[in-house]
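I have placed the structure first, in the form of structure tokens, so that the comments after it can refer back to it.
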Amino acid sequence: MSKSPTPAKATIDNGYADAAAARRDTTPIRNAATIIAVRDRMGDDPQVLMGQRGAKAAFMPNKVVFPGGAVDPGDAHVPLANPLPQLCRDRLSEQSPAGLHHALAVAAIRELWEETGLILGQPGTWAATPEADWIDFAATDHLPAAETLQFVFRAITPPGRPRRFDARFFLVDAAHINSDIDDFSRASDELSHLQWIPLSQVRTYDLPFITEVVLAEVTRRIRQDGPPESVPFFRNDDESSHFLRLKGYPMPTDD
């Protein structure tokens, strides 16, 4: 009669199985952009804009998240009134296809609009008929503008998830949003319970692990005006989790 494996042996076997499953994962990784809007940035308790994903969502159901989503093919062709800061473009270009920074910035602004109804842009008229996803935005007589976005984090969804993204996180001060920051009436239904959450309370919500990590980085540099010289990169592209910094710097053990 064969014996059941000891707990220690079972743990080792499961570890090997998990690693093997990660190596077999063929889920496509889509480029994505996430936007972290912050208000009262210089105050005693800054707030971040977040909402809750639906219970039936395929990716991170019920979790409280920042607005964001995958880059659409048309994002590469949407004009910006003002581009990203050069430093952000340089960091976004590392270990990425050439020119992707434009589509990522456009996607971040589009996702903010779609999921919250808030406008990050400048008053202006579109020179040509906008992409379908931008018709409602264009009707507000604004052009998307990216000069106030700060690229602050990058993370790839770990293997084994139903969907995987190579997400770039952009920080923006709510003072640069060109609409009422408490008016979510034009938001889609992708996120519910949209609200400005104080940083002192945000970890009491049901957050994804990576959101916790990003919040730690945002909290660390919340009062810095310019974009960072180097950007954390949580790679997660095999059974090991590689935590690097774009521009070649290793992640510090502490700050």
- request: Looking only at non-hydrogen atoms, find the nearest pair between Phe66 and Thr211 and report the distance.
  value: CE1-CG2, 3.7 Å
field: Aromatic Phe233 / basic Arg154 pairing, under 6.0 angstrom, 45° off normal
entry: yes
message: I'd like to check Asp141 versus Pro123 (side-chain heavy atoms, cut-off strictly below 4.5 Å). Are they in contact?
response: no
message: Please determine whether a side-chain nitrogen of the Lys or Arg among Asp182 and Arg39 lies less than 4.0 Å from a carboxylate oxygen of the Asp or Glu.
response: yes
task: Indicate yes or no: at least one non-hydrogen side-chain atom of Val38 is less than 4.5 angstrom from one of Val172.
output: no
task: Any chance you could measure Arg168, atom CZ, to His101, atom NE2, to the nearest 0.5 Å?
output: 11.5 Å
message: Has Asp45 got a side-chain atom pairing as donor or acceptor with Ser200's backbone, closer than 3.5 angstrom?
response: yes
field: side-chain contact (heavy atoms from CB on, under 4.5 Å) between Phe170 and Ile109, intermediate numbers included
entry: CA-CA 10 Å; Phe170 295 91; Ile109 298 168; over 6 Å; no
task: Evaluate side-chain contact (heavy atoms from CB on, under 4.5 Å) for Ile36 paired with Phe169, printing each intermediate quantity in order.
output: CA-CA 7 Å; Ile36 308 163; Phe169 293 77; 4.1 Å; yes
message: Once rounded to the nearest 0.5 Å, what's the spacing between atom CD of Glu114 and atom CG of Asp133?
response: 5.5 Å
message: I'd like to know if Asp225 and Arg223 make a salt bridge, using a cut-off of under 4.0 Å between side-chain N and carboxylate O.
response: no
- prompt: Which pair of heavy atoms, one from Gln47 and one from Asp40, lies closest together, and at what distance?
  reply: NE2-OD2, 3.3 Å
statement: Between the CZ atom in Arg164 and the OG1 atom in Thr157, the distance rounded to the nearest 0.5 Å is 6.5 Å
query: Shared ILVMFWY cluster between Phe209 and Leu207, side chains joined below 4.5 angstrom?
result: yes
- line: Contacts of Pro83 meeting side chain to side chain contact (heavy atoms under 4.5 Å, CB included) (sequence neighbours excluded), chain-then-number -> Arg89
query: Are the charged groups of Arg221 and Glu217 less than 4.0 angstrom apart, N to O?
result: no
Chi angles and distances behind the side-chain contact (heavy atoms from CB on, under 4.5 Å) call for Val202, Met50: CA-CA 9 Å; Val202 70; Met50 305 186 79; 3.5 Å; yes
message: Less than 3.5 Å apart, any donor N or O on the side chain of Gln122 or Asn178 sitting next to an acceptor on the other?
response: no
- prompt: Is there a chain of hydrophobic side chains (I, L, V, M, F, W, Y, each step under 4.5 Å between heavy atoms) that links Leu87 to Leu149?
  reply: no
field: Approximate separation, where rounding is to 0.5 Å, of Trp134 CH2 and Leu143 CG
entry: 9.5 Å
- prompt: Closest heavy-atom contact between Leu80 and Ala105?
  reply: CD1-CB, 4.4 Å
query: Should Ser93 and Asp90 count as side-chain neighbours, where that means a heavy-atom distance under 4.5 Å?
result: no
query: Among Gln150, Arg41, Met42, which residue meets the side-chain contact (heavy atoms from CB on, under 4.5 Å) test with Asp173?
result: Arg41
task: Begin with the C-alpha distance, continue with both residues' side-chain angles, and end with the deciding distance and a verdict on side-chain contact (heavy atoms from CB on, under 4.5 Å) for Asn31 and Leu100.
output: CA-CA 9 Å; Asn31 289 306; Leu100 182 61; 3.7 Å; yes
query: Closest heavy-atom contact between Pro67 and Glu115?
result: CA-OE1, 3.1 Å
Test applied, side-chain contact (heavy atoms from CB on, under 4.5 Å); reference residue, Arg186; option that passes from Leu118, Thr116, Ile119: Ile119
query: With a 4.5 Å heavy-atom cut-off, do Trp126 and Pro79 have their side chains touching?
result: yes
- prompt: With distance as the sole test, does His102 use its side chain to make a donor-acceptor pair with the main-chain N or O of Val78 at under 3.5 Å?
  reply: yes
field: Leu215 with Ile197, same ILVMFWY side-chain cluster at under 4.5 Å
entry: yes
query: Can a salt bridge be assigned to the pair Asp72 and Arg110 using a cut-off of 4.0 Å between side-chain N and carboxylate O?
result: yes
query: How many angstroms lie between atom OG of Ser188 and atom CD of Glu111, to the nearest 0.5 angstrom?
result: 8.5 Å
task: Indicate the atoms forming the closest heavy-atom contact of Ala174 with Trp196, along with that distance.
output: CB-CH2, 3.7 Å
Non-hydrogen side-chain atoms of Ile210 and Phe153 separated by less than 4.5 Å: yes
message: In the structure I gave you, are the side-chain heavy atoms of Phe137 and Pro144 within less than 4.5 Å of one another anywhere?
response: yes
task: Find the distance between OG1 (Thr140) and CH2 (Trp113) and round it off to the nearest 0.5 Å.
output: 5.5 Å
query: Do you know which two heavy atoms are closest between Gly117 and Ser179, and how far apart they sit?
result: O-OG, 4.4 Å
